[in-house]
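For reference, the structure discussed in these notes is given below.
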Number of protein chains: 2
Amino acid sequence: MVDRRNAGFPVGGGARTASRGGTRTSGRSGGRPTLEEVAARAGVGRGTVSRVINGSPRVSEATRAAVEAAVAELGYVPNRAARSLAANRTDAIALVVPEPEARFFAEPYFSDIVRGVGAALADTDMQLLLTFAGSDRERRRLADYLAAGRVDGVLLVSVHADDPLPDLLEQLGIPAVISGRRSAADPLAAVDSDNTGGARAAVAHLLARGRRTIATITGRLDVYGAQCRLDGYRDALAESGAVVDERLVAPADFTEEGGSRAMRALLDRCPSLDAVFAASDVMAAGARQVLREAGRRIPDDVALVGFDDSAVARHMDPALTSVRQPIEEMGRRMAGLLLQEIADRSGPERPRIILPTELVVRDSS
Amino acid sequence: MVDRRNAGFPVGGGARTASRGGTRTSGRSGGRPTLEEVAARAGVGRGTVSRVINGSPRVSEATRAAVEAAVAELGYVPNRAARSLAANRTDAIALVVPEPEARFFAEPYFSDIVRGVGAALADTDMQLLLTFAGSDRERRRLADYLAAGRVDGVLLVSVHADDPLPDLLEQLGIPAVISGRRSAADPLAAVDSDNTGGARAAVAHLLARGRRTIATITGRLDVYGAQCRLDGYRDALAESGAVVDERLVAPADFTEEGGSRAMRALLDRCPSLDAVFAASDVMAAGARQVLREAGRRIPDDVALVGFDDSAVARHMDPALTSVRQPIEEMGRRMAGLLLQEIADRSGPERPRIILPTELVVRDSS
DNA sequence: ATCACGTATGGGAGCGCTCCCACCGTACCT
DNA sequence: AGGTACGGTGGGAGCGCTCCCATACGTGAT
């Protein structure tokens, strides 16, 4: 339903901008060409041009060619505002980041998502709006914004368990796709990576390397993904026949500082641990620092595995073994799902996509 | 077509629910309220409501109050598309980043700019579109995009000397504000930091510390800012009555590697130097490396000062004295200038704002 | 030839706003 | 009193599209 692209039109040459300060009453022919002008040029009606532009099949080949020629000659580009107004849609979707701006820029996760989404939208006429909803004030604005119908759909990432946004979206009937669900039962379409499987693979790897006392540093457990990673850790241990010692589980919050704190607690409670699975690379970095200070060598004394396979992992010394999530792909899939849902807002069918993760083994384990 | 990443900053209004899937032929009252409905409710004409919404002064207090009440009761929010169409504007501006996406997310410079711009736009109805123009393909798209009049104005950052974008903008007559001009003679409104003053302060500081043989490593001199920093270096020396020994000036290119090379040349030509002012932190990092290898202690043997006050500076060992630029403030001012220029595209007046820099003294000097 | 049907096409009727012009009343002049 | 101004107001005329209903023109069946 989104439209097709036309070839670029020369900028330096003919393109004159809409009369800087000219009166609206001033004659035609000044500004950008309109549908009507294309129609006249092609010798057809307005409706037909519209059909061609929007890729309707009910146009004869000859007519289509004539229109396309006229479009190219005139350098016609549809007027977004007019289209939105007439069609009652905005051709824009929002990527909602329920975090303060600072974190958005700090975490590579978001930039990968943006890249993926951007790729999926690249040859679409859809605009991507980035909205931060870190503070209460921002969230209130966002709610108004959504209610005002300023976007055709919403992409939601990194949602906390107590976040009412998904419900609001559902209630407003705005198409939405979520990544990082609050639970397995979220009402929205979702794209996730296989957190459980990734964590299981990481821990299995540690076991295979002969580690016996494997601790874990978890993310905020009100984040579904963090919970899954913890489940994966438990699963792997259970599968190996080991009993999980709860003292080996240290909750943290996905920050480096939190990782350090958790590591200190772990070292305190179980000085004999010989491996740590951190639920994020950033937390692993915090843990590494503490291990260093405690004189533990990595990986000789303690093996360390992270999650995310971010730049942090590659640049750590020693390079960090980590679970890679196909984040860019997730962004792409989210956008695809959303586009589809916008085009056809039919049933209450809520697709769930789970993308596989991959363990990237490096020097730290 | 062009990728438009956008940071949207929604504006508040009363929240009202959207009607999903109502036929356009279906009766009124279903969807969001329109201007007309507000007018009816307030017992005034459409024009008057429009005037109130847009803050026109030619409305009586009583009428304004009545309209505002109606707006609140109905939860009216103007329809963006309709407004754009009628007013022939888009209420969107683009922040053009002539870099690949990756660099955008990597450099704190950009996030600070975005934060500043966002702040300035926060209680405006203006949307911020982020566009990357790293590749040739992207730039061509951008040109089409701009020519198609999809934004009311453009914010341009980090422009290279041979970049034709400013000229294109000027030619298209699109309001634009640039930061990091190509030269003092750029056609556009500009916001810059006081590169000259910052450099002068850095060198004066070195002089005050008793350093006598102060060298400098410059950035690419085809970048206006780099030239300014060199001027500042010269000024400070001249003010102190010293004669600038041209052998103490080593040109580089803003890279770490370039900084190293320049430092080597400097050491070679003037082994007796006791201080170095590098025109960027990154180059200072390169210089530091070479000084280390040459057995010079910092700051005991050679004092080192950088420029940018980036993370590099804070994390260097020893922590680098550097010149801080008020980047967020620059973003804010850029947005302000652009808004102003869009509102009143009158004269060819091109304001230039130069923001003060600040020397942050740390251990390296 | 006549009818029925399907396909391609033209163009009217808006979408919800801004602009602008005509108009009203009142205040202030002569 | 009549004239002139001007602040305040209502509403027509679009902005450039999409929708959808007519219409025109096939085609094959009757």
Side-chain angles (χ1 to χ4, degrees), chain A residues 1-3 18-19 21-28 30-40 42-67 71 74 76-91 125 148-150, chain B residues 19 22-40 42-67 71 74 76-91 125 148-150:
Chain A
M1 205 12 66
V2 189
D3 79 334
S19 49
T23 2
R24 71 179 331 181
T25 45
S26 76
R28 294 254 40 83
R32 262 175 301 290
T34 69
L35 238 209
E36 194 99 43
E37 285 163 18
V38 174
V44 301
R46 229 170 50 251
T48 302
V49 177
S50 176
R51 255 162 259 148
V52 172
I53 298 291
N54 293 291
S56 157
R58 1 194 76 247
V59 181
S60 73
E61 256 333 299
T63 311
R64 179 184 309 279
V67 170
V71 164
L74 262 30
Y76 171 76
V77 180
N79 178 315
R80 231 164 195 267
R83 173 179 285 184
S84 285
L85 181 59
N88 191 34
R89 52 183 156 101
T90 64
D91 286 327
D125 206 10
R150 302 264 255 227
Chain B
S19 77
T23 355
R24 71 179 331 180
T25 45
S26 76
R28 295 255 41 84
S29 84
R32 259 176 304 290
T34 69
L35 238 209
E36 195 98 43
E37 285 163 17
V38 174
V44 301
R46 230 171 48 252
T48 301
V49 177
S50 177
R51 255 162 258 145
V52 171
I53 297 292
N54 293 289
S56 157
R58 359 192 79 250
V59 181
S60 73
E61 255 333 299
T63 311
R64 178 183 310 278
V67 170
V71 164
L74 262 30
Y76 170 75
V77 180
N79 178 315
R80 234 178 180 211
R83 173 180 286 187
S84 285
L85 180 57
N88 190 35
R89 53 185 157 97
T90 64
D91 286 326
D125 208 8
R150 302 266 254 226

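A note on names: the letters A, B, ... follow the listed sequences, proteins ahead of strands, and every chain is numbered from 1.
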Within the modelled atom types, does a donor on one side and an acceptor on the other bring the side chain of B/Arg51 and the base of D/dG10 under 3.5 Å apart?
yes
Spacing of A/Leu85 atom CG relative to D/dC17 atom P, expressed in whole Å
12 Å
Of the options C/dT18, D/dT9, D/dG16, whose atoms approach the side-chain atoms of A/Ala82 most closely?
D/dG16
Flag, side chain of A/Arg32 to backbone of A/Asn79, donor-acceptor distance under 3.5 Å:
no
Mind checking A/Ser84 for me? I need base, sugar-phosphate or nothing, with any heavy atom below 4.0 Å counting as a touch.
nothing
Closest heavy-atom contact between B/Tyr76 and B/Thr34?
CE1-C, 3.6 Å
N or O in side chain of B/Thr63 less than 4.0 angstrom from D/dT9 OP1/OP2:
yes
Atom CG of B/Asn79 and atom P of D/dC17: how far apart are they, to the nearest Å?
16 Å
CD of A/Glu36 versus C1' of D/dG14: gap in Å, rounded?
13 Å
Want to settle it: does A/Pro57 or A/Arg46 sit nearer the 5' end of DNA chain C, counting the closest nucleotide to each?
A/Pro57
Could you tell me whether A/Asp125 and A/Arg89 have a side-chain N and a carboxylate O separated by less than 4.0 Å?
no
Here the distance between atom C1' of C/dT18 and atom CG of B/Asn88, to the nearest Å, is 11 Å
Nearest-angstrom distance from the residue atom CG of B/Asp91 to P of C/dG16:
18 Å
Using whole Å, report how far CD of B/Glu37 lies from C1' of C/dC15.
13 Å
Both B/Gly43 and A/Pro33 contact DNA chain D. Taking the nearest nucleotide for each, which residue is further toward the 5' end?
B/Gly43
Rounding to a whole Å, what distance do you find between B/Glu61:CD and D/dG7:P?
16 Å
Would you please confirm or rule out a distance under 4.0 Å between OP1 or OP2 of C/dT9 and any side-chain N or O of A/Thr48?
no
Nucleotide nearest A/Val59 (side chain, heavy atoms from C-beta), chosen from C/dG16, C/dT18, C/dT9:
C/dT9
Rounded to the nearest Å, what distance is computed from the CZ atom of residue B/Arg89 to the C1' atom of nucleotide C/dT18?
8 Å
Is B/Asn54 close enough to C/dT18 that one of its side-chain N or O atoms is under 4.0 Å from OP1 or OP2 there?
yes
Rounded distance [0.5 Å steps], CZ in B/Arg51 versus CZ in B/Arg46
10.5 Å
Under the 3.5 angstrom rule, does the side chain of A/Arg83 hit a backbone N or O of A/Asp91 as a donor-acceptor pair?
no
Is B/Arg58 close enough to D/dG7 that one of its side-chain N or O atoms is under 4.0 Å from OP1 or OP2 there?
yes
Within the pair A/Ser60 and C/dA8, is there a side-chain N or O less than 4.0 Å away from OP1 or OP2?
no
